[in-house]
**Q** 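Sharing a structure with you now.
Residue numbers run from 1 in the order of the sequence given.
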Amino acid sequence: MAGTGKQWWRDAVIYQVYPRSWADSDGDGIGDLPGITARLPHLAELGVDAVWLSPFYTSPQHDAGYDVADYRDVDPLFGHLDAFDALTARAHELGLRVVVDVVPNHSSDEHVWFRAALASAPGSLERARYVFRDGSGPDGDEPPNNWTSMFGGPAWTRVTEADGTPGQWFLHLFDSTQPDFDWTNPEVRDELEGVLRFWLDRGVDGFRIDVAHGLVKAEGLPDTDLSLDPNVDATSLSPMWDQPGVHEIYRSWRLLADSYAVEGDDADRILCAEAWVLPGESLAKYVRPDELHQSFNFEYLMTPWRADDQRSTITRSLAQAEAVGAPQTWVLSNHDVVRHATRLGYPQHAGLQRIEGIGADDPQPDAALGLRRARAATAVMLALPGSAYLFQGEELGLPEATRLPDEVRQDPTFARTGGSSKGRDGCRVPVPWEAAAPSFGFGPGEASWLPQPAEYGALAVDCQRDDPTSTLTLYRDLLRLRRELRLGRGRLTWLDGHPADVLAFTISSDEAAVTVLANLGVEPLPLPDGATVVAASGEREHGAPVDTDETVWLRA
Ligand code: GLC
């Protein structure tokens, strides 16, 4: 295995593949598992430790697979179980671990359990696996409470009972085709643990847990306080998020995962929470020693490219993780947010980043600036101690597709908000592999489920592979050095004596010490005497000062 020591996950770089958009083997315009398997050498060459696959399970695809109808099978769109086994075997052969998504908060409305619930009476065992309630108001025709869906509109949908009368309501924190499970029901717990075992038995190395902070709802489902600002207030103040009961579930999952680890083999099976939880101290509870291994650090992703903000987020993040003995994780892009090469092409204000989709009529980013900053930000991230997550295509410097026509948009957020939120399609556009091929080599023909912007051609893997100045080469170099110098296991020390708009720190590991300078100011920053630049995010002349929006790694 490619891991750099015991507990491989402590410094692992994990690459997210969004199966519908990475590589299409059969030409239907939707990526698939055989396509992924064929392209895995790209990841080995890139130098990551693991691949995380977003859902490929049986699903009507109303939320691109995050609406699971059968947790133990592969959707025919993506292949079949044999194709999954072949993928895992090939990944392991190449020294890559395999992490899969598990979606425990909700299923698809096409799951057999939900179908049975609809066909059964109120109060039945079948309904008790989901959150069914009578409506409020004199005729029960108002939703049971005031909760709203994350994708817009009410979080409740009313069903029609078997006799044709308007009936109970069911809860869905996301799309109306994604009914929430009732985690107070032991049957739900057993079922999801069975799902974990199913994939562990097939050899997966871990799970990314979708909406990990949502499983347990406050008792009695009280109304939510609409004055709370989800970006500022403690998430646990909201009755649907970060309820204390989730921790017991993850303790049990940890025992399960640990039962698969082989002593002495560096074969830990890991659990990583997707939990949008504030404050960071609450998030750290998810990674206490007897709970999950990792949780995504979205606060880092949301931090503007401003030196003070970066410094304080990094310092706080490290302290919070250290307090519970967990590695911190770092992430700049994923399938739910605007790609960082585009995000950073907008003015950087204090407060939170713009992560929501962009439309053709919205202000457009400065693409060159965005890419320059994205490369600099990545060079900061990949030096940091802990584990890092990459999103497919960021190693190519791919920008968000910001001019998708509304007619092609598929994210349910777009429809559920009547188009006021553009949704997340812009970061999900299929990846370019070969500049001269149809669909830029995504598939064998022209088909691509979302149209690829013309500028993706020049960013294709084959254009970048042998170009020493390309973003792909930068990622490869950073990842190689990170591994050789074991930076992920290092300790960070901030350096004094630099201008306030420069991030200056050393990472020291048992192997080496590296100094990182990131210039977020406007003045060029002279290199320290005697320093050797071992990596740089910008194109530079030998000995030149560190430019604005450039990061360098130095060795004494
Ligand atoms: C998570 C996923 C997102 C999905 C949602 C509902 O936030 O990352 O893509 O839409 O959960 O499952």
Side-chain angles (χ1 to χ4, degrees), residues 52 54-55 63 66-68 99 101-107 130-131 145 147-151 155 171-175 178-185 188-189 192-193 195-196 206-219 221-222 224-225 228-254 257 270-288 290-302 316-317 320-321 323-324 326 328-329 331 334-337 352 355 389 413 424:
W52 148 36
S54 279
D63 185 20
Y66 281 96
D67 48 324
V68 181
V99 171
D101 231 294
V102 60
V103 188
N105 181 66
H106 46 263
S107 71
Y130 294 92
V131 184
N145 69 21
W147 297 4
T148 52
S149 151
M150 291 298 288
F151 293 162
L171 176 68
H172 51 87
L173 294 184
F174 294 89
D175 191 50
Q178 293 167 296
D180 281 48
F181 285 120
D182 183 346
W183 274 85
T184 63
N185 183 338
V188 170
R189 292 176 185 238
L192 266 296
E193 291 202 0
V195 168
L196 296 182
F207 298 91
R208 174 263 191 196
I209 306 167
D210 191 63
V211 197
H213 56 318
L215 276 47
V216 175
K217 280 77 179 175
E219 212 177 317
L221 310 181
T224 190
D225 176 351
L228 288 176
D229 179 346
N231 294 323
V232 176
D233 293 302
T235 334
S236 57
L237 295 177
S238 151
M240 57 270 237
W241 305 124
D242 192 30
Q243 298 297 307
V246 293
H247 295 290
E248 186 206 319
I249 299 171
Y250 298 134
R251 285 195 192 98
S252 160
W253 284 24
R254 178 61 178 260
I270 68 158
L271 301 162
C272 176
E274 186 225 13
W276 294 79
V277 164
L278 284 176
E281 287 77 15
S282 301
L283 182 59
K285 291 187 182 164
Y286 289 74
V287 290
R288 286 178 290 196
D290 60 345
E291 296 194 38
L292 307 176
H293 300 76
Q294 301 181 334
S295 66
F296 288 106
N297 184 354
F298 294 125
E299 200 180 341
Y300 178 68
L301 182 152
M302 308 268 266
R316 207 172 38 247
S317 301
Q320 283 160 354
V324 289
Q328 189 47 270
T329 68
V331 62
N334 67 31
H335 67 293
D336 289 328
V337 302
L352 296 172
I355 57 166
Y389 278 80
T413 315
R424 301 160 294 176

**Q** Please report the interatomic distance CG(Asp180) to NE2(His172), rounded to the nearest 0.5 Å.
**A**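 The distance works out to 8.5 Å.
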
**Q** Over all heavy atoms of both residues, which pair between Leu271 and Ala257 is shortest? Give the atoms and the distance, please.
**A**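 Scanning both residues, the minimum pair turns out to be CD1-CB, 4.0 Å.
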
**Q** Mind checking salt bridge (charged side-chain N to carboxylate O under 4.0 Å, His left out) for Arg251 and listing every partner two or more places apart, or none if nothing turns up?
**A**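 Result, salt bridge (charged side-chain N to carboxylate O under 4.0 Å, His left out) vs Arg251: Asp290, Glu291.
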
**Q** Show the nearest heavy-atom pair for residues Pro55 and Val103, with the distance to one decimal.
**A**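 In terms of heavy atoms, the two residues are closest at CG-CG2, 4.1 Å.
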
**Q** Can you give me the closest heavy-atom contact between Asp233 and Leu278, atom names plus distance?
**A**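 In terms of heavy atoms, the two residues are closest at O-CB, 3.9 Å.
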
**Q** Contact between Leu196 and Val102 at the side-chain level, heavy atoms closer than 4.5 Å - yes or no?
**A**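 Yes, side chains in contact.
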
**Q** Nearest 0.5 Å please: distance from the NE2 atom of His293 over to the OG1 atom of Thr329.
**A**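 So the gap between those two atoms works out to 13.5 Å.
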
**Q** Would Trp183 and Val246 count as a side-chain contact (heavy atoms from CB on, under 4.5 Å) if you check the C-alpha gap in whole Å, the side-chain angles of each, and the deciding distance to 0.1 Å?
**A** CA-CA 9 Å; Trp183 274 85; Val246 293; over 6 Å; no

**Q** I want to check something: taking the side chain as every heavy atom from C-beta on, are Tyr130 and Leu171 in contact at a cut-off of under 4.5 Å?
**A**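 In short, these two side chains do not touch, never coming nearer than 4.5 Å.
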
**Q** Can you tell me how far the CH2 atom of Trp241 sits from the CG atom of Leu215, to the nearest 0.5 Å?
**A**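 Output value for this atom pair is 10.0 Å.
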
**Q** Can you see which heavy atom on His213 is nearest to which on Ala275, and at what distance?
**A**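 Taking every non-hydrogen atom into account, ND1-CA, 3.6 Å.
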
**Q** Quick one: does Asp182's side chain have a donor or acceptor within less than 3.5 Å of a partner on Val131's backbone?
**A**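 Side chain of Asp182 to backbone of Val131, a donor-acceptor pair under 3.5 Å: no, none is there.
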
**Q** Would you say that Glu274 contacts Ile209 through its side chain, given a criterion of any heavy-atom pair below 4.5 Å between the two side chains?
**A**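 SC-SC contact between Glu274 and Ile209 ruled out.
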
**Q** Just by modelled atom types, is the Phe174 backbone N or O under 3.5 Å from a matching donor or acceptor in the Ser149 side chain?
**A**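 Yes, Ser149 side chain to Phe174 backbone: donor-acceptor pair under 3.5 Å.
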
**Q** Flag the pair Asp175 / Asp67 as yes when at least one side-chain heavy-atom distance between them is below 4.5 Å, and no otherwise.
**A**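 Sidechains of Asp67 and Asp175: no contact.
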
**Q** Of all heavy-atom pairs between Arg288 and Lys285, which one has the smallest distance, and what is that distance?
**A**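 Between these two residues, the closest heavy atoms are NE-O, 3.0 Å.
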
**Q** Is any side-chain heavy atom of Cys272 less than 4.5 Å from a side-chain heavy atom of Trp52?
**A**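 Sidechains of Trp52 and Cys272: no contact.
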
**Q** So, taking the atom named CZ in Phe296 and the one named CG in Asp336, what distance separates them when rounded to the nearest 0.5 Å?
**A**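 These two atoms lie 10.0 Å from each other.
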
**Q** For Pro104 and Asp210, work out which heavy atoms get closest and say how close.
**A**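 Where Pro104 meets Asp210 most closely, the heavy atoms are CD-O, 3.4 Å.
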
**Q** Do Lys217 and Thr184 touch side chain to side chain, with heavy atoms closer than 4.5 Å?
**A**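 In short, these two side chains do not touch, never coming nearer than 4.5 Å.
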
**Q** With Ser295, which residues qualify under side chain to side chain contact (heavy atoms under 4.5 Å, CB included), at least two apart?
**A**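 If we apply the side chain to side chain contact (heavy atoms under 4.5 Å, CB included) test to Ser295, skipping adjacent residues, the hits are Ala273, Leu283, Val287.
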
**Q** Under a 3.5 Å distance rule, please check whether Gln243 uses its side chain to pair with a backbone N or O of Ser238 as donor and acceptor.
**A**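 Confirmed, Gln243 side chain pairs with Ser238 backbone.
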
**Q** Ring centroid separation for Tyr286 and His247, is it under 6.0 angstrom?
**A**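 Aromatic pair counts; centres sit under 6.0 Å.
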
**Q** Looking at residues at least two apart in the chain, or sitting in another chain, which of them share a salt bridge (charged side-chain N to carboxylate O under 4.0 Å, His left out) with Glu248?
**A**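 Testing Glu248 for salt bridge (charged side-chain N to carboxylate O under 4.0 Å, His left out), a comparison that skips the adjacent residues, returns Arg189.
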
**Q** Evaluate the side-chain proximity of Asp63 to Gln178: yes if any heavy-atom separation is below 4.5 Å, no if none is.
**A**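 Gln178 vs Asp63: side chains touch.
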
**Q** Below 4.5 Å, heavy atoms only, C-beta onward: do Tyr300 and Gln328 meet side chain to side chain?
**A**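 No, side chains not in contact.
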
**Q** Exactly one of Asn145, Thr224, Asp225 should register a side chain to side chain contact (heavy atoms under 4.5 Å, CB included) with Pro239. Which one does?
**A**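 Checked Asn145, Thr224, Asp225 against Pro239; only one passes side chain to side chain contact (heavy atoms under 4.5 Å, CB included): Thr224.
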
